[in-house]
Visitor: 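Submitted below is the structure of interest, expressed as structure tokens.
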Protein chains: 2
Amino acid sequence: MIKLTAQRQAILDMINASDRHWDADELARSLSDNGQPIGIATVYRGLATLEAAGLIESIQLADKKRYERADKAHHDHMICTVCGDIEEFAHAKIESLQLSVAAEKGFTVTGHQLVMFGLCERCSQGEQK
Amino acid sequence: MIKLTAQRQAILDMINASDRHWDADELARSLSDNGQPIGIATVYRGLATLEAAGLIESIQLADKKRYERADKAHHDHMICTVCGDIEEFAHAKIESLQLSVAAEKGFTVTGHQLVMFGLCERCSQGEQK
DNA sequence: TTCAAAATGATAATCATTATCATTATTGCG
DNA sequence: CGCAATAATGATAATGATTATCATTTTGAA
Ligand SMILES: [Mn+2]
Ligand SMILES: [Mn+2]
Ligand SMILES: [Zn+2]
Ligand SMILES: [Zn+2]
């Protein structure tokens with residue numbers, strides 16, 4: 001059975017305490033700064049375990065995986081390629097259209113990831129001008 | 001200026017000759033089997049250069065990047081988590097809804113990637129008997 | 001309390017991709 | 001055509017994220 005350890009609890013608490021999308025290293029550093037140093041390997045394992053248990057969620061970016069709270073409704077992301085800001089959005093119609101397209105092809109969807117890249121509002125302004 | 005080399009030409013030809021989504025290693029091996037061995041570093045650089053030139057496109061998967069022909073209309077993907085099959089689909093409505101959602105948030109979209117994971121038709125069957 | 005199963009942490013190993021750098025090829029020009 | 005200068009190649013080292021090892025410690029059921 002899965003054991004509730006202080007390390008896993010610390011990781012989960014840290015993630016649930018904010019709306020950030022954390023990568024393993026940021027989490028390890030932050031935990032360390034909070035007087036709860038946890039081995040980096042344990043952080044990776046803890047994140048995987050917590051995600052498998054449905055307690056946290058993740059998005060797979062080009063170079064690394066980022067984790068966030070799971071107590072929010074499903075949503076997708078827009079990532080600013082200038083400042084790195086990650087914005088969230090939810091669109092029921094897009095979700096249902098995805099499923100219908102899959103169904104047409106006999107594809108059984110178990111998960112999906114939609115990410116838009118571009119410039120966030122702030123970065124769009126400084127842009128031209 | 002960008003030079004037209006035999007290596008880049010070979011990479012481009014190989015990609016344009018099929019509908020596959022190649023990773024760098026598969027391409028290097030295939031080129032080698034075809035009597036056109038190319039250093040792996042050159043394959044990586046060639047792929048990046050060809051993509052920057054708009055001659056090929058790519059999708060970023062969890063572990064690696066895969067490249068495909070660019071002479072097809074824009075489309076997104078459905079990936080079978082059992083057999084690895086990559087299917088394509090295009091849906092104008094989903095595309096436009098994405099842009100409208102971004103616009104609402106003042107986000108300027110420069111690119112996006114939508115991937116659905118699940119079971120392809122063939123794998124869905126063997127699934128539950 | 002007892003102990004087997006599971007988790008941790010330090011560290012080595014993977015794997016895809018990029019960086020180095022000496023050598024070679026391409027291309028505009030005379 | 002023949003020549004640099006400029007870019008590309010290729011072998012290989014380096015990176016960076018993530019996983020594998022394995023000895024040691026912790027957890028939780030009985
Ligand atoms: Mn999110
Ligand atoms: Mn495709
Ligand atoms: Zn921004
Ligand atoms: Zn399949």
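Proteins get letters first, then strands, A, B, ... in listed order; numbering begins at 1 in each.
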Visitor: For residues 104-111 of chain A, please give each side-chain donor-acceptor pair under 3.5 Å, one per line with the distance, not counting sequence neighbours.
Guide:
residue  : atom : partner  : partner atom : Å
A:Lys105 : NZ   : B:Glu88  : O            : 3.2
A:Thr108 : OG1  : B:Ser124 : OG           : 3.0
A:Thr110 : OG1  : B:Phe117 : O            : 3.2

Visitor: Between B:Tyr44 and C:dT18, is there a side-chain N or O to OP1/OP2 distance below 4.0 Å?
Guide: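 Result: no.
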Visitor: What is the separation between atom CD on A:Glu26 and atom C1' on D:dA17, rounded to the nearest whole Å?
Guide: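 One finds 13 Å between C1' of D:dA17 and CD of A:Glu26, rounded.
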Visitor: Looking only at N and O atoms, is any donor in the side chain of A:Lys3 or the base of C:dA5 less than 3.5 Å from an acceptor on the other one?
Guide: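 Yes.
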Visitor: With heavy atoms under 4.0 Å as the rule, sort A:Asp63 into base, sugar-phosphate or nothing.
Guide: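 The answer is sugar-phosphate, as A:Asp63 gets under 4.0 Å only of primed atoms, P, OP1 or OP2.
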Visitor: Could you state the CD-P distance from B:Gln60 to C:dA16, rounded to the nearest angstrom?
Guide: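 For the pair B:Gln60 CD and C:dA16 P, the rounded distance is 13 Å.
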Visitor: In residues 32-42 of chain A, which residues come under 4.0 Å of DNA chain D by heavy atom?
Guide: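 When residues 32-42 of chain A is checked for heavy atoms under 4.0 Å from DNA chain D, the hits, listed by number, are A:Ala41.
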Visitor: Using the test side-chain hydrogen bond (donor to acceptor under 3.5 Å, both in side chains), find all partners of B:Arg69 that sit at least two apart in sequence or belong to another chain.
Guide: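 Applying side-chain hydrogen bond (donor to acceptor under 3.5 Å, both in side chains) to B:Arg69 gives B:Asp19, B:Asp71.
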Visitor: Could you report the tightest heavy-atom contact between B:Leu31 and B:Ala10, atom names first, then the distance?
Guide: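 So the two residues come closest at CD2-O, 3.7 Å.
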Visitor: CD1 of B:Ile11 versus C1' of D:dT9: gap in Å, rounded?
Guide: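 Nearest whole value for this atom pair: 11 Å.
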Visitor: Grab the CD-C1' distance between A:Gln9 and D:dT27 for me, whole Å please.
Guide: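 Interatomic distance, CD of A:Gln9 to C1' of D:dT27: 14 Å.
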Visitor: Looking at every strand, decide which applies to B:Lys64 at a 4.0 Å heavy-atom threshold: base, sugar-phosphate, or nothing.
Guide: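 Since only primed, P, OP1 and OP2 atoms lie under 4.0 Å of B:Lys64, the category is sugar-phosphate.
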Visitor: May I ask you to say whether B:Lys64 pairs ionically with B:Glu26, meaning some side-chain N is under 4.0 Å from a carboxylate O?
Guide: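 A salt bridge is absent here (no side-chain N lies under 4.0 Å from a carboxylate O).
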Visitor: Classify the nucleic acid contact of B:Arg45 as base, sugar-phosphate or nothing, counting any heavy atom under 4.0 Å across all strands shown.
Guide: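 The answer is base, as B:Arg45 lies within the cut-off (heavy atoms under 4.0 Å) of a base atom.
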Visitor: On DNA chain C, does the nearest nucleotide to B:Ala48 precede the nearest nucleotide to B:Ala6 from the 5' side, or the other way round? Give the residue.
Guide: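 Closer to the 5' end of DNA chain C: B:Ala48.
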Visitor: Respond yes when some side-chain nitrogen or oxygen of B:Gln7 is under 4.0 Å from OP1 or OP2 of C:dA25, and no when none is.
Guide: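 It does not, given that no N or O in the side chain of B:Gln7 lies less than 4.0 Å from OP1 or OP2 of C:dA25.
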Visitor: Can you tell me the distance, in whole Å, between the CD atom of A:Glu51 and the P atom of D:dT18?
Guide: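 Roughly 12 Å, once rounded to whole Å.
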Visitor: Please figure out whether A:Arg8 or B:Ala24 has its closest DNA chain C nucleotide nearer the 5' end.
Guide: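 On the 5' side of the pair lies A:Arg8.
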Visitor: State whether a side-chain donor-acceptor pair under 3.5 Å links B:His91 with B:His75.
Guide: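 Result is no, nothing qualifies.
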Visitor: Using 4.0 Å as the upper bound for N to carboxylate O, is an ion pair formed by B:Glu57 and B:Arg66?
Guide: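 B:Glu57 and B:Arg66: not salt-bridged.
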Visitor: Any ion pair linking B:Arg29 and B:Asp25 (charged N to carboxylate O, less than 4.0 Å)?
Guide: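 Between B:Arg29 and B:Asp25 there is a salt bridge, with a charged N closer than 4.0 Å to a carboxylate O.
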Visitor: Are OP1 or OP2 of D:dT9 and a side-chain N or O of B:Thr5 less than 4.0 angstrom apart?
Guide: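 The answer is yes; a side-chain N or O of B:Thr5 sits under 4.0 Å from OP1 or OP2.
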Visitor: Taking CZ from B:Arg29 and C1' from C:dC15, how many angstroms apart are they, rounded to a whole number?
Guide: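 In whole Å, C:dC15 C1' lies 13 Å from B:Arg29 CZ.
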Visitor: Rounded to whole angstroms, how far apart are CD1 on B:Ile2 and P on D:dT9?
Guide: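 Those two atoms, CD1 and P, are 11 Å apart.
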Visitor: What is the distance from CG of A:Asp25 to P of D:dT15, rounded to the nearest Å?
Guide: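 Between P of D:dT15 and CG of A:Asp25: 16 Å.
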